[in-house]
Chemist: 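I'd like to ask you about the structure that follows.
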Amino acid sequence: LNGTWEFEIDHGASGQERKLYELDHLASQIEVPFCPESKLSGVAYTDFMASVWYRRTFQVPQTWSGQRVLLHFGAVDYDCAVWVNEVEVGTHRGGSSSFTFEITKALQPGENVVVVNALDDTRSLLQPLGKQSYDYYSHNCNYTRTTGIWQTVWLEPVPTTFLERPRLTPDLDNGCLHIQQRVNGPANGLRLEARAFAEGHQAATGTCWVNGGWACLTLKMDTVRAWCPQDPFLYDLYLKLVRETADQQEIVDSAYAYFGLRSVDIKGLAVLLNGEPVYQRLVLDQGFYPDGIWTAPSDDELRLDIERGQAMGFNGARLHQKVFEERYLCWCDRFGYLVWGEFPSWGIDATEPEATVRYATEWQDVLERDYNHP
């Protein structure tokens, strides 16, 4: 759903009282997923915005008939509410964590309308800001703010019972991958089948029953090849949820993923990668772009940041006071780029219990999102 949306700034944060989600148009336009402060958004409004609204129409492809439909947000800063056809489908708090709403029951034939409202009180001392400036102007190492949608928005069709994001834990010492797979929906009599591939050749296979909405199994690799900066080797993973009857096997859902076999330990003051000390020569990457602010102008630019760092002799980056787009981590996995993830904790009063709860809750969501990346 990236592209042109209708847009309106709601300085009084009164839009929900005024039921802006029921309007048939908003005042202006914006290019999603770029924040309204950015040039690439087409808005380039850099003053404080207490509340912003987004609206666009979409049609569900006929080929999705009979499936559940999920609405995904990479990130929206900071408090977010979403309506589909004037039905509130969910709310989310946190400017950096990804979230998903199921919108199946709110959909209608033909044209559908999605409306997003984001509240952003950057001076509350309760919101993690990272390096977003709490003054009007940028100063020192605090820069232009990001309000509202700033990462990709997309729709996904899934079957009645589907595979959620798995939790993949590499076990290099034993040459294994441990899989914890959450299954959403009725799962009686279903099995999970998993196959790992190394350069196109099957390296492991396994199967287990789904129990209590979970399927847990371990794959023992025939070929053990460690992931490291010098050899960022990735295995391909195919997951399949199946139901077996007397005469056939039905594939309920399936998904592709990848993983790297590597271990991380600490011994004294040394960080060990795959059992050996690794010297980390890291860029301090603040993740701000002149034209997109917190959002990279393109996928190529995410990749080029890594290539530039490696060309200068660095083997990784400290991602400073920002949660980067997950797509960036995919490129790091492929290029063998080490990263330190860091939560944008600046801007909160850590003595306030509510601020601490917000920080801790969102940080756990981000850790879960990024858990599988080598």
Side-chain angles (χ1 to χ4, degrees), residues 2 7 9 30-49 52 73-78 80 94-98 118 120-125 127-153 281-312 314 316-332 335 337-348 359 362-363 366 369-370 373:
N2 289 350
F7 178 74
I9 301 173
I30 190 171
E31 289 298 310
V32 169
F34 301 104
C35 69
E37 290 91 343
S38 71
K39 296 175 184 176
L40 291 176
S41 72
V43 179
Y45 183 87
T46 57
D47 206 342
F48 292 86
M49 289 173 273
V52 292
F73 292 85
V76 180
D77 196 354
Y78 175 72
C80 173
S96 299
S97 52
S98 302
D120 193 20
D121 187 359
T122 56
R123 286 171 159 168
S124 67
L125 298 180
Q127 288 185 201
L129 299 180
K131 294 195 170 186
Q132 300 182 68
S133 177
Y134 42 80
D135 294 331
Y136 176 78
Y137 293 106
S138 298
H139 60 96
N140 298 329
C141 55
N142 294 279
Y143 314 120
T144 307
R145 291 162 296 282
T146 287
T147 298
I149 298 172
W150 67 277
Q151 289 187 30
T152 291
V153 186
R281 182 178 170 85
L282 306 180
V283 177
L284 184 68
D285 192 336
Q286 300 174 67
F288 276 80
Y289 296 87
D291 47 3
I293 306 183
W294 254 11
T295 309
S298 67
D299 185 55
D300 285 342
E301 196 60 36
L302 288 176
R303 175 180 52 81
L304 286 169
D305 270 352
I306 298 168
E307 292 180 335
R308 293 179 186 116
Q310 289 180 322
M312 290 187 284
F314 296 95
R318 174 184 170 192
L319 308 182
H320 191 36
Q321 284 295 310
K322 177 189 169 184
V323 176
F324 280 48
E325 298 98 319
E326 190 176 7
R327 183 70 181 172
Y328 176 85
L329 298 181
C330 292
W331 285 119
C332 293
F335 280 84
Y337 205 54
L338 302 171
V339 293
W340 284 67
E342 185 172 308
F343 192 75
S345 56
W346 293 5
I348 64 171
Y359 170 104
E362 187 176 8
W363 190 216
V366 172
R369 187 201 77 170
D370 295 346
H373 290 280

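All residue numbers in this chain count up from 1 along the given sequence.
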Chemist: Please determine if R303 forms a cation-pi arrangement with F335, meaning its NZ or CZ atom is less than 6.0 Å from the six-membered ring centre and no more than 45° off the ring axis.
Modeler: no

Chemist: Give, for atom CH2 of W346 and atom SG of C141, the distance between the pair rounded to the nearest 0.5 Å.
Modeler: 4.0 Å

Chemist: Is any side-chain heavy atom of L40 less than 4.5 Å from a side-chain heavy atom of Y289?
Modeler: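 Side chain of L40 against side chain of Y289, heavy atoms only: no contact under 4.5 Å found.
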
Chemist: Side chains of L125 and I348: does their closest heavy-atom pair fall under 4.5 Å?
Modeler: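 A side-chain contact is absent here, since even the closest heavy-atom pair is not under 4.5 Å.
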
Chemist: Taking the side chain from E37 and the backbone from I293, do they hold a donor-acceptor pair closer than 3.5 Å?
Modeler: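 Checked: no pair found.
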
Chemist: Would you check if P36 and M49 make a side-chain contact, meaning some heavy-atom pair closer than 4.5 Å?
Modeler: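 Yes, at least one pair of side-chain atoms sits under 4.5 Å.
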
Chemist: D135 and R145: which non-hydrogen atoms are nearest, and at how many Å?
Modeler: O-NH1, 2.7 Å

Chemist: Heavy-atom distance under 4.5 Å between the side chains of Y328 and V339, does that happen here?
Modeler: yes

Chemist: Rounded to the nearest 0.5 Å, what separation is found between the CD atom of Q321 and the CG atom of L284?
Modeler: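 Spacing of CD (Q321) from CG (L284) equals 10.0 Å.
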
Chemist: Give, for atom SG of C80 and atom CD1 of I149, the distance between the pair rounded to the nearest 0.5 Å.
Modeler: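 It comes to 7.0 Å.
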
Chemist: Could R123 and Y134 be counted as a cation-pi pair, given that NZ or CZ must be under 6.0 Å from the ring centre and within 45° of the axis?
Modeler: no

Chemist: Mind checking the OG-CG spacing from S298 to D291? Nearest 0.5 Å is all I need.
Modeler: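 Taking OG in S298 and CG in D291, the distance rounds to 9.0 Å.
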
Chemist: Just checking, is any N or O donor in the side chain of H320 or Q286 under 3.5 Å from an acceptor N or O on the other one?
Modeler: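 Result is no, nothing qualifies.
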
Chemist: How close do V366 and V323 get, heavy atom to heavy atom, and via which atoms?
Modeler: CG1-CG1, 3.7 Å

Chemist: As a quick check of understanding, evaluate side-chain contact (heavy atoms from CB on, under 4.5 Å) for Y78 and S124, giving each step before the final call.
Modeler: CA-CA 12 Å; Y78 175 72; S124 67; over 6 Å; no

Chemist: Of all heavy-atom pairs between D285 and A317, which one has the smallest distance, and what is that distance?
Modeler: CB-CB, 4.2 Å

Chemist: Could you please spell out the steps behind the side-chain contact (heavy atoms from CB on, under 4.5 Å) verdict for V153 and F73?
Modeler: CA-CA 5 Å; V153 186; F73 292 85; 3.8 Å; yes

Chemist: Applying the ring pair (Phe, Tyr, Trp, His ring centres under 6.0 Å) test to W294, which of Y143, F34, W150 qualifies?
Modeler: W150

Chemist: Can you find a heavy atom in the side chain of F7 that is under 4.5 Å from one in the side chain of V52?
Modeler: yes

Chemist: Do you know which two heavy atoms are closest between L302 and A296, and how far apart they sit?
Modeler: CD2-CB, 3.6 Å

Chemist: Between T122 and Q127, does a side-chain hydrogen bond (donor to acceptor under 3.5 Å, both in side chains) hold up when you go through it step by step?
Modeler: CA-CA 6 Å; T122 56; Q127 288 185 201; over 6 Å; no

Chemist: Just so I know, are the side chains of L129 and P344 near enough to count as touching, which here means a heavy-atom distance under 4.5 Å?
Modeler: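 Not in contact.
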
Chemist: Under a 3.5 Å threshold, yes or no: a donor from one side chain and an acceptor from the other, between Y337 and D305?
Modeler: no

Chemist: Determine whether the side chains of W331 and D299 contain a donor N or O and an acceptor N or O closer than 3.5 Å.
Modeler: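 Yes.
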
Chemist: Quick check for you: to the nearest 0.5 Å, what is the distance between K131 atom NZ and T146 atom OG1?
Modeler: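 Interatomic distance, K131 NZ to T146 OG1, rounded to 0.5 Å: 14.0 Å.
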
Chemist: Tell me, yes or no, whether the heavy-atom count around Y136 atom OH, taken from other residues, nucleotides or ligands under 6.0 Å, exceeds 12.
Modeler: yes

Chemist: Measure the NZ-OG distance between K322 and S96 for me, rounded to the nearest 0.5 Å.
Modeler: 9.0 Å

Chemist: Show the numbers, then the answer: is there a side-chain contact (heavy atoms from CB on, under 4.5 Å) between C332 and I306?
Modeler: CA-CA 7 Å; C332 293; I306 298 168; 3.7 Å; yes

Chemist: Give the minimum heavy-atom separation between H373 and C330, together with the two atoms involved.
Modeler: CE1-SG, 3.9 Å

Chemist: Does atom CH2 (W340) have a neighbourhood of more than 12 heavy atoms from anything else shown, all under 6.0 Å?
Modeler: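 No, the 6.0 Å shell around CH2 holds no more than 12 heavy atoms from other groups.
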
Chemist: What pair of heavy atoms forms the shortest contact from E362 to P128, and how long is it?
Modeler: OE1-CG, 4.5 Å

Chemist: Could you go through the side-chain contact (heavy atoms from CB on, under 4.5 Å) check for D77 and Q132 one step at a time?
Modeler: CA-CA 11 Å; D77 196 354; Q132 300 182 68; 3.1 Å; yes

